[in-house]
Each structure stands twice: as C-alpha cells, then as structure tokens.
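Since the model is a prediction, treat every value here as computed from it, not as a measurement. Each residue takes its place number in the sequence, starting with 1.
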Amino acid sequence: MNRPGWVFYVSVALLSAFVVLGIFWPEQLAGGSEQALAFTTSHFGWLYLFVTTGFLVFCIALGAGRSGNIRLGADGEAPEFSYPTWLGMIFSAGMGVGLVFWGVAEPMTHYVNPPLGMAEGRSAESAELAMQYSLFHWGFHQWANFAVVGLAIAYVRFRQQRPGLISETFRASLGDRVDGGWGHAINVLAVVSTVFGVATTLGLGVIQINSGMGSVFGMAFGTTPQLAILAGVAIVFLLCSLAPLESGVRYVSDANMLLAAAVLVFVFFAGPTDFITAAMTNAIGDYFSNMIGMSLVMSPYTGEDWVARWTIFYWAWGLSWAPFVGSFIARISRGRTIREFVVGVIGMPVLLSTLWFATFGGSSLYFELFEGAALGDAVTREMSSALFQMLEFLPAVGWISALVLVLIVLFVITSANSATFVLGMFTSRGVLSPSRPMRLTWGVIQVLVAGVLLLSGGLRALQTISIVAAFPFMVLMVFMAASLLKSLRNEQRQMELHEALMRERIQRLLDDNERKSSLVDADDGAADERS
C-alpha cells in the first residue's frame with residue numbers, strides 16, 4: 001500500500017519538466033507564465049471572486065445547518081489533538097509565513113497606492129482603506145478555501161473510512177471511476193497545485209529571511225543569497241520531515257505559536273497600543289460593512305489591474321494551497337464535528353489574522369503618519385524590508401528583529417515539513433504516514449520549484465504561478481463541494497430513516513405493552529366479577 005503509483009510518477013515527471021525549463025530557459029518560462037496570467041485574469045478573473053465567495057457561504061451553511069452535528073469520525077469519538085494544539089497546527093501550517101511577510105508590506109503598499117484609486121495616496125483615507133483591504137484579504141474568504149478541501153477529505157477519511165485522497169472526495173459523484181484514470185488525473189492536479197502553492201510560500205519566506213538577515217547581519221539582498229538561504233532552510237526541514245507527524249510538525253508548530261504570540265504581545269504593548277486597538281476596531285467595522293462589495297468588485301470601466309494583482313492573487317494563492325492545507329487540517333481534525341471544524345478553521349484563524357494586521361500594520365501606519373518613518377518609501381523599494389524597518393521604531397530592536405527572523409524560519413520549516421507529509425499521502429494511496437524516502441523526495445522537489453521561481457523573477461514569478469496553477473484546481477473544488485453536499489444529504493436521509501424506524505419500533509413496543517396491560521386489566525376485572 002505504501003508503494004508509489006501512477007500519480008507519483010506522472011507528478012514527478014511534470015514538475016521535473018518545469019524545473020528543467022526554469023533552470024535552462026528562465027526567461028522563456030517567465031514570458032510564458034505572464035501570457036498565461038494575462039489570459040486567465042482577463043477571461044476568468046470574475047470566476048475566482050464568485051467561487052471563493054461561494055465557498056464561504058457553503059461552509060457557513062454546513063456549520064450552521066443540521067450537518068454541523070456530524071462528527072468527522074465515529075459517533076462519540078474524541079478529538080485526536082487538544083483544541084489549542086489543533087488551532088496552533090492549523091494556523092502555522094496555514095498562513096504563518098504569509099502573515100509575517102504581508103503584515104506590514106500590504107497595509108503600507110495600499111497606503112501608498114490605494115485600492116482602485118479610491119483615495120489619495122499617503123492620506124488618512126488611504127490608511128483606513130489599507131487596513132480594511134488587508135483584513136479582507138486575510139479574512140474569511142481565504143480560510144473558506146482550506147475548509148472546503150479539509151472537510152471533504154476528513155469526511156471521507158474518518159467518517160467513511162476511505163483513503164485520504166482528493167479523488168476519494170468525488171466518489172459520491174463519479175462512483176468507481178475515481179479508482180481509474182479520472183481519479184489519477186484529479187490527484188496529479190492536486191499534487192501539482194500543492195507544490196506550486198507551497199513553493200510560493202517558501203519563496204516569500206526566503207525573500208523575507210533575506211531582508212531580515214540584511215537588517216540584522218548586513219547580508220546583501222538578491223537572488224544568490226536567497227538561493228543560499230533556501231538551501232540552508234531545506235536541510236533543516238528535510239531533517240525534520242524524517243520525524244513522525246506528532247514530533248516533527250506538532251512540536252515545531254507549538255514553538256511557532258509561542259514565539260509568534262510573544263512577538264505579537266511585545267509589538268502590541270511596545271508599539272502605539274491605543275492606535276492599534278482603535279485601528280483594529282475601525283477596520284473590523286469597515287470589513288463587515290463592505291464585505292459583499294469587496295468580494296465581487298471588478299474594474300471593467302477603467303481597465304485597472306489592481307484586483308488581479310491583489311484580490312485574485314490572494315484567492316488563487318489560497319486555492320493552490322487548498323489541497324495541502326486542507327489535507328493537513330483534515331489529517332489533524334479527527335473527532336471534530338463539522339460545526340467545530342468550520343468555527344475552528346474559518347473563525348479562529350481570522351481573529352488571529354485581524355489582531356496580527358492591526359498590531360503590525362497599525363503600528364507601521366502610525367509611525368508613517370505621525371513620526372515620519374518613511375516606511376512607504378521602504379516598501380516601494382523592497383517590499384520584504386518593511387517589517388524590519390518598522391521594528392526599528394520599537395525598543396530592543398536587535399532582539400526583536402532576531403526573534404522575528406527565527407519566527408519566519410520556523411514558519412517556513414513548518415509549512416514545508418507539513419507539505420512533505422501531505423504530498424506523500426497523495427502519492428502513496430492516501431496512507432497517513434508516508435515513508436521517509438517519499439517525504440524526502442517531495443521535500444527536494446518543493447525546494448527545486450521554489451528555487452526556479454526565484455530565478456525566474458522573484459516575487460512577481462511567485463504571484464504569477466499561483467494564479468495560473470490554481471485555476472484548474474478551483475474548478476475541481478466546485479465539483480468537490482457538490483460531491484460533499486451529496487454525501488452529507490445521503491447520510492442525513494439515512495439518519496432520518498433510522499430515526500423513523502426507531503420511532504416506529506418504540507411505538508410498536510408501546511402499543512404492545514398497552515394491549516398487554518389492557519388484557520391484564522380485563523382478566524383482573526373478570527376475576528373480580530367471578531369472585
């Protein structure tokens with residue numbers, strides 16, 4: 001059961017071809033990716049917005065409805081991990097690297113260049129819009145992508161006791177065809193999408209580690225040092241990937257969350273605390289007031305590409321991550337109810353994301369607006385440097401910069417380490433503990449793809465490949481959600497039928513008892529008359 005099959009060999013062949021193309025013809029790869037990006041966003045950009053919003057509505061409906069009581073496992077089964085550990089693993093495997101990278105960079109970028117020209121740059125209005133859109137991009141929509149895949153896999157794996165493969169989530173719709181070519185094609189697509197999504201995150205993490213080491217140690221910023229950093233990080237996470245999930249990912253993610261919490265608390269109290277809380281309150285109100293408009297906004301009358309560069313990129317990045325994060329969340333969610341799952345995966349991480357952006361983004365905006373920090377100029381020159389330049393306005397800057405650097409490294413290691421498990425599961429017929437050679441193979445492939453993307457254009461290449469690679473899997477996810485809904489309805493009907501049969505049996509017993517009691521009373525009455 002642990003031997004690789006067609007999915008493994010086809011996936012490795014496709015990704016190897018991409019790596020070879022990127023090494024020997026990086027300019028051609030970059031040019032082709034840009035053309036694919038332009039075609040995808042111009043013709044199907046609207047679809048990313050509708051589908052992602054639809055996934056959010058779908059998850060809320062499942063959690064709030066009757067299906068919310070269904071357990072992802074046997075009835076009465078206890079959860080495998082404690083609630084704090086579960087949330088920590090979700091958060092660190094989900095968007096930890098992205099939050100650290102964009103926590104200052106995104107609000108400052110929107111402050112300098114406001115979304116859709118809705119305000120004057122570098123103004124109070126653009127600062128307010130910056131926080132509003134930052135919360136939107138890291139809010140409920142993003143996590144709904146992960147929840148759809150996670151729910152579908154956890155349901156078939158732990159409720160229906162079938163392999164934890166993406167293809168198995170389509171069995172309710174495709175039947176036994178998932179065991180043949182259709183299933184193999186679905187799993188290959190999931191593997192390729194996962195590798196590109198994780199490679200994007202690895203690339204972002206490496207770019208910011210480069211900026212952090214430049215701030216702390218004076219390292220030069222560029223492709224060569226970034227490739228060296230990638231190689232160093234790879235050695236660490238490949239060694240970690242050889243450990244079991246419980247010790248390899250769990251303890252690193254716990255350390256991650258503790259360090260992230262310590263850094264967050266320090267910046268919150270050492271920074272402009274009153275401004276942070278006010279900005280957070282204001283941003284939450286703006287987010288909920290404008291959620292529908294932001295969810296479906298396009299710019300057909302101006303031809304501006306802001307939505308493609310930001311909102312569609314984020315949704316596509318989340319979609320390309322969905323097979324990995326969803327599968328990993330499913331793996332650690334045994335014993336949770338669907339309602340617990342939806343609240344834990346969509347609700348709690350958004351609260352943490354909101355606090356993170358309010359603290360780091362709010363601090364950077366305060367220093368920019370009231371202390372002339374020039375962070376807007378810094379993010380324009382080198383986007384990844386904004387975080388470390390903001391930290392210079394806090395006490396103990398040397399210590400806090402070093403801790404943030406360690407935090408980024410740990411997030412990168414956790415994400416890559418988790419991905420080796422998930423990719424191993426996908427290509428080992430859904431086993432929960434893939435072999436070490438399998439995990440090592442996928443770790444190396446992730447590193448090679450991330451390296452190729454850094455060579456082919458850095459941040460721009462990472463954004464481009466996310467959007468393009470996510471499109472086919474997004475279409476698959478629509479059918480996955482429909483298949484999950486069909487399975488849940490079937491189970492609901494079976495439960496209702498079982499309850500109806502039980503009520504009928506109970507009623508029969510009551511009627512029988514009532515008849516017997518009537519006969520006994522009649523016999524007793526006749527006996528009394530005779531006496």
Side-chain angles (χ1 to χ4, degrees), residues 98-115 117-138 207-219 221 260-287 310 352-408:
L99 278 176
V100 178
F101 186 94
W102 295 106
V104 172
E106 180 172 358
M108 289 311 305
T109 302
H110 297 332
Y111 168 75
V112 174
N113 298 299
M118 296 169 65
E120 182 183 350
R122 301 175 187 264
S123 64
E125 292 77 14
S126 67
E128 185 173 352
L129 277 172
M131 289 300 298
Q132 174 184 320
Y133 268 89
S134 295
L135 261 61
F136 170 60
H137 288 150
W138 293 87
I207 290 172
Q208 189 150 48
I209 291 170
N210 190 183
S211 291
M213 296 186 76
S215 175
V216 177
F217 304 111
M219 175 184 282
F221 185 85
V263 171
L264 180 66
V265 169
F266 175 83
V267 176
F268 182 86
F269 287 106
T273 306
D274 292 336
F275 182 88
I276 290 170
T277 54
M280 178 173 63
T281 304
N282 197 67
I284 292 172
D286 289 339
Y287 174 30
W310 285 98
L352 294 173
S353 298
T354 299
L355 183 58
W356 187 276
F357 269 95
T359 300
F360 286 86
S363 296
S364 64
L365 289 170
Y366 175 85
F367 294 138
E368 179 76 6
L369 287 166
F370 302 110
E371 297 192 10
L375 295 176
D377 297 331
V379 80
T380 302
R381 290 192 306 270
E382 183 188 318
M383 186 174 289
S384 57
S385 68
L387 169 62
F388 292 95
Q389 296 218 17
M390 185 276 288
L391 295 177
E392 293 179 3
F393 289 83
L394 299 175
V397 59
W399 284 101
I400 193 63
S401 296
L403 287 176
V404 169
L405 188 58
V406 172
L407 178 65
I408 299 168

Sorted by chain and number, sequence neighbours left out, ring pair (Phe, Tyr, Trp, His ring centres under 6.0 Å) with F268 holds for none
Sequence neighbours left out, what passes ring pair (Phe, Tyr, Trp, His ring centres under 6.0 Å) with Y111? Give chain and number order.
-> none
Got a donor-acceptor contact below 3.5 angstrom from the [X] side chain to the [Y] backbone?
X: S364; Y: G361; result: yes
X: S123; Y: A119; result: no
X: T277; Y: D274; result: yes

Could you state the interatomic distance from [atom1] ([X]) to [atom2] ([Y]), rounded to the nearest 0.5 Å?
X: F393; Y: E371; atom1: CZ; atom2: CD; value: 6.5 Å
X: N113; Y: M108; atom1: CG; atom2: CE; value: 10.5 Å
X: I207; Y: S385; atom1: CD1; atom2: OG; value: 12.0 Å
X: L352; Y: W138; atom1: CG; atom2: CH2; value: 13.0 Å
X: E128; Y: L365; atom1: CD; atom2: CG; value: 11.0 Å
X: H137; Y: W102; atom1: NE2; atom2: CH2; value: 10.5 Å

Are [X] and [Y] packed together at the side-chain level, in the sense that at least one heavy-atom pair is separated by less than 4.5 angstrom?
X: V112; Y: R122; answer: yes
X: L394; Y: F367; answer: yes
X: V263; Y: F360; answer: yes
X: E120; Y: P114; answer: no
X: T359; Y: F266; answer: no

Side-chain donor-acceptor contact under 3.5 Å, W310 with E106 = no
Between S211 and S384, does any side-chain donor sit less than 3.5 Å from a side-chain acceptor?
-> yes
Give the C-alpha distance, both sets of side-chain angles, the deciding distance and a yes or no for side-chain contact (heavy atoms from CB on, under 4.5 Å) between L135 and S353.
-> CA-CA 8 Å; L135 261 61; S353 298; over 6 Å; no
Minimum heavy-atom distance [X]-[Y], with the two atoms named:
X: V104; Y: A386; result: CG1-CB, 3.6 Å
X: Y287; Y: Q132; result: N-CG, 4.3 Å
X: S401; Y: F388; result: O-CE2, 3.7 Å
X: G376; Y: E368; result: N-OE1, 3.3 Å
X: M131; Y: A358; result: CE-CA, 3.7 Å
X: V397; Y: L391; result: CG2-O, 3.3 Å

Go through the steps for S363 and M390 under the test side-chain contact (heavy atoms from CB on, under 4.5 Å), then give the verdict.
-> CA-CA 8 Å; S363 296; M390 185 276 288; 4.0 Å; yes
Given side-chain contact (heavy atoms from CB on, under 4.5 Å), test Y133 with M118 step by step and report yes or no.
-> CA-CA 12 Å; Y133 268 89; M118 296 169 65; 4.1 Å; yes
Verify side-chain contact (heavy atoms from CB on, under 4.5 Å) between F136 and D286, making sure each step is shown before the conclusion.
-> CA-CA 10 Å; F136 170 60; D286 289 339; over 6 Å; no
Should the pair F370 and Y366 be assigned to parallel (<30°), tilted (30 to 60°) or perpendicular (>60°) ring geometry?
-> tilted
